[in-house]
Protein chains: 2
Amino acid sequence: MAGVSVATASKALNERGSMMPQTRERVQAAARALNFRPNAMARALVSQRSFTLGLLTNDTYGRFTLPVAAGLSEAMVDRGVSVFLCAIEDDPERARVNLDAMQEKCVDGLVLAGKRVDRALPLDLSGLSLPVVHVYSARPPGGIGFEPDDEAGAALAVAHLAGLGRRRIAHVTGPVGFAAVPMREAGWRRALAEAGLSPFGEPLSGEWSEDFGFRAAGLLFGPETGPERPDAVFCGNDQIARGLMDALALMGVGVPDDVAVVGFDNWEIFAQATRPALTSVDMALKEVGRQAGLTILDMIDGKRVEPGTRRLPCRLVVRRSCGGAGG
Amino acid sequence: MAGVSVATASKALNERGSMMPQTRERVQAAARALNFRPNAMARALVSQRSFTLGLLTNDTYGRFTLPVAAGLSEAMVDRGVSVFLCAIEDDPERARVNLDAMQEKCVDGLVLAGKRVDRALPLDLSGLSLPVVHVYSARPPGGIGFEPDDEAGAALAVAHLAGLGRRRIAHVTGPVGFAAVPMREAGWRRALAEAGLSPFGEPLSGEWSEDFGFRAAGLLFGPETGPERPDAVFCGNDQIARGLMDALALMGVGVPDDVAVVGFDNWEIFAQATRPALTSVDMALKEVGRQAGLTILDMIDGKRVEPGTRRLPCRLVVRRSCGGAGG
DNA sequence: ACAACCAAAGAAAACGGTTTCCTTGGTTGA
DNA sequence: TCAACCAAGGAAACCGTTTTCTTTGGTTGT
């Protein structure tokens, strides 16, 4: 110690109370010399805030959760908040155990992250008095949710295609049961309308797979197709786009010359693997995680936060597959 | 309260000390009625153990880290231990900030997870008096590391091919700079030797990409190739296998009839997308995370743990691409 | 010269548990 | 009958901070 009481030391280090500058100096110097680190737990005990958040996710595969978690963790560490990771795997029992653990660890708030915006995590939140935000998953009435704005993202992609002069823009997408499907379709329709274009037929709805993209290419460009063929395809995800482009290559249809292709997800591993590289809508999930974190901090601070779902903007990553300026 | 002192209550709930069974009952009933949760922080303060671990990772993409993290988190939650996730992104400054945060939060131990077994995380661990294990990353001398046993995994794959009657087994793999490359190559050589076979040429070393796999197919099966062609290819990862199989399809080489293909990583999204589905070596990263966690708990308990790298067994996931019994 | 005030620093309580030690009263054995 | 012992439960210290309240001594105003 620097010859002062703990009370003085505490004030000196936290810039609180009034004291002689030289005393403050002396304490801080001593702290530095001792490599002193305040014990966050003791601090939490008295302040009733642990500066800790829980992240519960059922997305083992990590395609959605990991960017969200990274964005959350990054934004939080700057504010002295750390994030517990809980993998619950769609198992209600495991979810409960993890939720209990989070309560015992006195987290200040909870982020619930899923892999489908229209499915809730298998958690019973009733009787829980913690701030909670729902990310990329369904929220209960009155809850607070964060998602990418799929509709706007889709519109972004389609508007880009229209801006490049494409006129017959088809849409190949996933199963109708997914909420993302109608949202992305709505964006497609809106952007077409705004560009004065008509939809090229109805969207082709199948699975979120390369295989379906491959088959969809046959439906759109195969021999039994009528004279009217699309000059662009907006795909519901990158896997579909990948399969579609593989099929187009086999059919001798040139990308982007004959047809432009845009995907959704900007999953690097797919977007970079297609020939040419795939233009795709990036859901900016890191930013989603960031915003979710900042919002939950506001809630912890007692600020009033409007219930509802926030849809955050996507951005278009332009590569070669849509022609024009890109790449 | 159930009419007893806090001391008695504590003992009742922790099954400690001696007391009348009915007193214990009464306290536990009261605890249940009040939905009582012991405050982990207060407990940590006195016991000097936070039942908390830090997971620092530079693998933003999550391909390696997420399974490790899930395995770790799962194994730990059963033991009342929670895991902080810290995304450090190869940035030494961010690494330091997160490390400081973990020290302030009084974690009982640290798991450092990377995305390359031959690279250490950008962290200065000197002067750190915490148990640390290194997962899928380089460890300092005397440190404790966990990795999949690439050599044995590769041997598993090649032995399987040999067992199916394949005799001319080629190897297409990643850049020589990666430690995984010589390890997998060694497994290939060992399994060949054990089966009484010779290597089919030297391994083709390139990038970990579909594109390289595609080109490698040309080198192995192209028109300028000699009369001897492989009847099996063991690929250094699934992306290479995917590119190779795409090329084979274009070249009219049948899989698995003309040539069997095996990949490495068992990355579902690739392994399932190939036609036919890809047999691949699964690194069992969840188990790696589990073991790393259990070991660090041992270290926390003061048990002596041998320094060195533990290589955990891989398993072969058999699908159609290698013919034989699979799928 | 003395009351009033103020800045600086320390004492002590609090946070929510665990643990050590002590008290109480009943039972046992000589 | 009395010492010795034991089980049950309570009092209090402790973990490492923050915060409130108190003390101390110097300065100001009259």
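Throughout, a chain's letter reflects where its sequence line sits, starting with A, and its residues are numbered from 1. All values below come from the heavy atoms of this structure, side chains included, with hydrogens, waters and symmetry mates left out.
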Chemist: Under a 3.5 Å cutoff, is there a donor and acceptor pairing between the side chains of B:Thr57 and B:Asp59?
Modeler: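 Their side chains do not contain a donor-acceptor pair, so the 3.5 Å distance test is not met.
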Chemist: Measuring to OP1 and OP2 of D:dT18, would you say a side-chain N or O of A:Ser10 lies under 4.0 angstrom away?
Modeler: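 Answer is yes, contact under 4.0 Å.
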Chemist: Rounding to a whole Å, what distance do you find between A:Met20:CE and D:dT24:P?
Modeler: 19 Å
Chemist: For B:Phe51 and C:dT18, give me the distance from atom CZ to atom C1', rounded to whole Å.
Modeler: 12 Å
Chemist: Can you figure out which of D:dG9, D:dC15, D:dT19 approaches the side chain of B:Val46 most closely?
Modeler: D:dC15
Chemist: Mind calculating the distance between CZ (A:Arg43) and P (D:dC15) to the nearest angstrom?
Modeler: 19 Å
Chemist: Could you please name the option among D:dG10, D:dG16, C:dG17 that lies closest to any side-chain atom of B:Phe36?
Modeler: C:dG17
Chemist: Verify the contact: side-chain N or O of B:Arg16 to OP1 or OP2 of C:dT18, cut-off strictly under 4.0 Å; return yes or no.
Modeler: no
Chemist: To the nearest angstrom, how far is A:Leu45 atom CG from C:dC15 atom C1'?
Modeler: 4 Å
Chemist: Test your reading of the model: is there a side-chain donor-acceptor pair from A:Ser47 to the backbone of A:Arg43, 3.5 Å cut-off?
Modeler: yes
Chemist: Side chain to side chain donor-acceptor pair (under 3.5 Å) with B:Asp91: which residues, sequence neighbours excluded?
Modeler: none
Chemist: Indicate, with a heavy-atom threshold strictly under 4.0 Å, whether B:Arg37 touches base, sugar-phosphate, or nothing.
Modeler: sugar-phosphate
Chemist: Of the nucleotides D:dT20, C:dG16, D:dT17, which one has an atom closest to the side chain of A:Lys11?
Modeler: D:dT20
Chemist: What's the NZ-C1' distance between B:Lys105 and D:dT17, to the nearest Å?
Modeler: 14 Å
Chemist: What is the distance from CZ of B:Arg49 to C1' of C:dT19, rounded to the nearest Å?
Modeler: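 Result: 17 Å.
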Chemist: Please work out if B:Thr23 contacts a base, only the sugar-phosphate, or nothing of the nucleic acid, heavy-atom cut-off 4.0 Å.
Modeler: sugar-phosphate
Chemist: Any side-chain N or O of A:Gln48 less than 4.0 Å from the OP1 or OP2 oxygen of D:dT18?
Modeler: no
Chemist: So do B:Ile300 and B:Leu53 actually touch side chain to side chain, heavy atoms under 4.5 Å?
Modeler: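 Side-chain contact under 4.5 Å: yes.
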Chemist: Donor-acceptor pair, distance only, cut-off 3.5 Å: does the side chain of A:Ser10 make one with the backbone of A:Val6?
Modeler: no
Chemist: For A:Ala42 and for B:Thr8, locate the closest nucleotide of DNA chain C by heavy-atom distance; then report the residue assigned to the nucleotide nearer the 5' terminus.
Modeler: A:Ala42
Chemist: Find the distance A:Asn14:CG to D:dG16:C1' and express it as a whole number of Å.
Modeler: 13 Å
Chemist: If I take atom CZ in residue B:Arg24 and atom C1' in nucleotide D:dG10, what distance separates them, rounded to the nearest angstrom?
Modeler: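 About 16 Å, once rounded to whole Å.
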